[in-house]
Amino acid sequence: MSGAALPKLAGVCGWPIHHSLSPVLHSHWLRQAGLRGAYVPFMVKPWDARRAFETLKRTTIAGVNVTLPLKTDAFLAADEATEDAQRIGAANCLYVRRGRLIAHNTDLEGFAAPLLTRRTPQQLSGATVLIIGAGGAARAVVGALLSLGLPEIVLTNRTDAKAEELVRQAGLPSFYALPWAERQTAVRRADIIINASSAGMSGYPALDVDAREAEAGALIYDLIYVPEVTPLIADARDAGIETLGGLDMLIAQARPSFRLFFGADAPNGGEAEVLRAALSSGTR
Ligand code: NAP
């Protein structure tokens with residue numbers, strides 16, 4: 001049998017990895033698309049990650065997604081990095097092209113796609129944005145917003161120094177850090193408020209901002225998807241403020257990987273329900 005006739009194999013690497021929803025999502029899409037292939041979890045130990053990723057080129061695995069805490073190792077193991085991976089200095093997707101290992105990051109596209117269903121590029125070009133958080137997710141949000149050309153981006157984080165460092169690295173006058181103590185003032189004047197912190201996630205305290213004080217026409221985008229309705233989203237909805245949850249980003253960041261690994265677009269339909277069922281089964 002020639003290599004080309006083999007069913008395509010892809011997966012997700014992490015440590016731990018049992019909680020990942022990616023196998024559920026990609027397997028659903030493979031079934032929907034009627035494609036032969038498989039997408040499985042790979043447990044990769046952090047101290048062995050670079051070597052594991054470098055050997056990908058010598059296997060018939062089409063590519064892998066990479067989750068915490070291996071995203072920097074994935075970036076460093078690759079022969080080349082796409083612009084999106086370089087913007088963040090971390091990869092959530094590795095694939096092989098012409099014998100070279102490529103590092104990519106689909107979080108930028110995954111963050112932007114749902115936002116663009118709610119605001120046109122023209123609306124975004126006049127919007128003031130507040131980002132809460134300064135971890136890996138916030139880096140992807142910053143990268144995506146800078147590519148979209150937003151005029152003013154304000155970032156605040158519980159640990160002020162981390163917000164200042166992220167802003168310093170970008171070195172752009174339209175992007176600045178706001179002290180955590182002043183976050184509520186920024187909530188009142190932002191057109192788009194993005195929670196890229198872990199606050200509000202299951203097992204974490206709620207984010208300490210009052211979403212009900214946001215502008216009537218504002219959009220509150222919470223990247224968290226467990227729970228699907230965070231306290232932030234619930235408060236915003238109570239006040240009649242438009243919201244966007246993290247499940248849409250989770251799906252949107254997986255689509256480009258599916259295309260890269262299996263050579264076909266991920267079909268539309270049923271993915272949110274499949275993810276909700278997996279989450280409510282309590283195994284994740
Ligand atoms: P991370 O690198 O660990 O960063 C966590 C961030 O949350 C830090 O800025 C941290 O602030 C802040 N934080 C933690 N607890 C807090 C609290 N009680 N109050 C205020 N801030 C708090 O994590 P990450 O990878 O950026 O992920 C952040 C969130 O985004 C997670 O909930 C994750 O599920 C979500 N996410 C969703 C998607 C999606 O596809 N929807 C993709 C990526 C991430 P300090 O600096 O002060 O510690």
Side-chain angles (χ1 to χ4, degrees), residues 12 14-16 19-22 24-26 65-72 74-75 84-85 87-93 105-115 117 130-145 154-167 169 177-184 186-187 193-211 220-233 243-258 266 271-272 275-276 278-279 284:
V12 57
W15 176 265
H19 64 284
S20 174
L21 288 164
S22 298
V24 174
L25 189 53
H26 285 266
N65 288 120
V66 180
T67 184
L68 297 174
L70 311 176
K71 291 183 178 188
T72 306
F75 179 75
D84 281 359
R87 272 181 185 271
I88 306 185
N92 72 348
C93 177
N105 199 309
T106 65
D107 275 342
L108 287 84
E109 189 178 340
F111 165 79
L115 180 61
T117 66
L130 170 66
I131 304 172
I132 301 168
R139 281 176 190 275
V141 170
V142 170
L145 293 178
V154 180
L155 186 131
T156 191
N157 187 54
R158 181 179 62 175
T159 307
D160 286 326
K162 279 211 228 165
E164 285 156 17
E165 177 56 18
L166 212 162
V167 166
Q169 284 171 4
L178 185 85
W180 182 242
E182 293 169 32
R183 63 195 178 282
Q184 195 58 37
V187 165
I193 298 153
I194 299 155
N195 179 29
S197 82
S198 308
M201 197 166 125
S202 171
Y204 283 74
L207 181 65
D208 188 14
V209 307
D210 191 349
I220 297 203
Y221 186 174
D222 196 336
L223 268 52
I224 292 171
Y225 52 87
V226 185
E228 196 174 350
V229 179
T230 59
L232 183 79
I233 294 268
T243 62
L244 188 53
L247 212 55
D248 289 2
M249 174 174 170
L250 183 71
I251 295 167
Q253 60 81 31
R255 284 188 186 283
S257 299
F258 186 89
E271 51 274 352
L275 290 174
R276 284 189 192 109
L279 287 169
R284 288 174 166 86

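Counting convention: from 1, in listed order, for ligands and their atoms alike. For the single chain, residues carry numbers from 1 onward in sequence order.
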Could you pull out, from [options], the option with a heavy atom nearest to [atom]?
atom: atom 46 (O) of ligand 1; options: Gln253, Lys162, Met249; answer: Lys162
atom: atom 3 (O) of ligand 1; options: Pro114, Ala163, Ser198, Ala252; answer: Ser198
atom: atom 28 (C) of ligand 1; options: Pro205, Ala138, Ala196; answer: Ala196

Identify, for [atom], the protein heavy atom at the shortest distance, and state residue, atom and that distance.
atom: atom 31 (C) of ligand 1; answer: Met201 SD, 3.7 Å
atom: atom 45 (P) of ligand 1; answer: Thr159 OG1, 3.5 Å
atom: atom 37 (C) of ligand 1; answer: Leu223 O, 3.2 Å
atom: atom 4 (O) of ligand 1; answer: Gly135 CA, 3.5 Å
atom: atom 2 (O) of ligand 1; answer: Gly136 N, 3.1 Å
atom: atom 15 (N) of ligand 1; answer: Arg158 NH1, 3.5 Å
atom: atom 27 (O) of ligand 1; answer: Ala137 CB, 3.8 Å

Can you list the ligand 1 atoms lying under 4.0 Å from a non-hydrogen atom of [X]?
X: Ser197; answer: 6 (C), 7 (O), 12 (C), 21 (N), 28 (C), 29 (C), 32 (O)
X: Gly133; answer: 9 (O)
X: Ala134; answer: 9 (O)

Considering both backbone and side-chain atoms of [X], is one of its nitrogen or oxygen atoms within less than 3.5 Å of a nitrogen or oxygen in ligand 1?
X: Tyr204; value: no
X: Leu68; value: no
X: Tyr225; value: no
X: Leu207; value: no
X: Ala199; value: no
X: Ile224; value: no
X: Asn157; value: yes

For [Y], does its backbone N or O pair with a side-chain atom of [X] as donor and acceptor, under 3.5 Å?
X: Tyr225; Y: Met249; result: no
X: Asn92; Y: Thr106; result: yes
X: Asn105; Y: Asp84; result: no
X: Ser197; Y: Ile132; result: no

pair Lys71-Ile88: side-chain heavy atoms closer than 4.5 Å: no
Thr243 side chain near Asp222 side chain, heavy-atom distance below 4.5 Å: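 Not touching, per the 4.5 Å side-chain cut-off.
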Rounded distance (nearest 0.5 Å) linking atom CZ of Arg276 with atom CD of Glu271: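 Answer rounded to 0.5 Å: 10.5 Å.
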Atom pair CG (Asp210) and CG (Leu232), whose distance is rounded to the nearest 0.5 Å: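 It is 9.5 Å, given to the nearest 0.5 Å.
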Nearest non-hydrogen partners of Arg255 and Ala266, listed with the distance: NH1-O, 2.8 Å
Where Gly133 and Ala138 come nearest, the two heavy atoms and their spacing: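 Scanning both residues, the minimum pair turns out to be O-CB, 3.2 Å.
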Criterion side chain to side chain contact (heavy atoms under 4.5 Å, CB included) against Leu145, the qualifying member of Leu155, Leu108, Leu115: Leu115
Trace of the salt bridge (charged side-chain N to carboxylate O under 4.0 Å, His left out) decision for Arg183 with Asp208: CA-CA 9 Å; Arg183 63 195 178 282; Asp208 188 14; 2.9 Å; yes
Salt bridge present between Asp107 and Arg139 (N-O < 4.0 angstrom): no
Close approach of Gly110 to ligand 1, heavy atoms, under 4.0 angstrom: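 The answer is no: ligand 1 sits nowhere under 4.0 Å from a heavy atom of Gly110.
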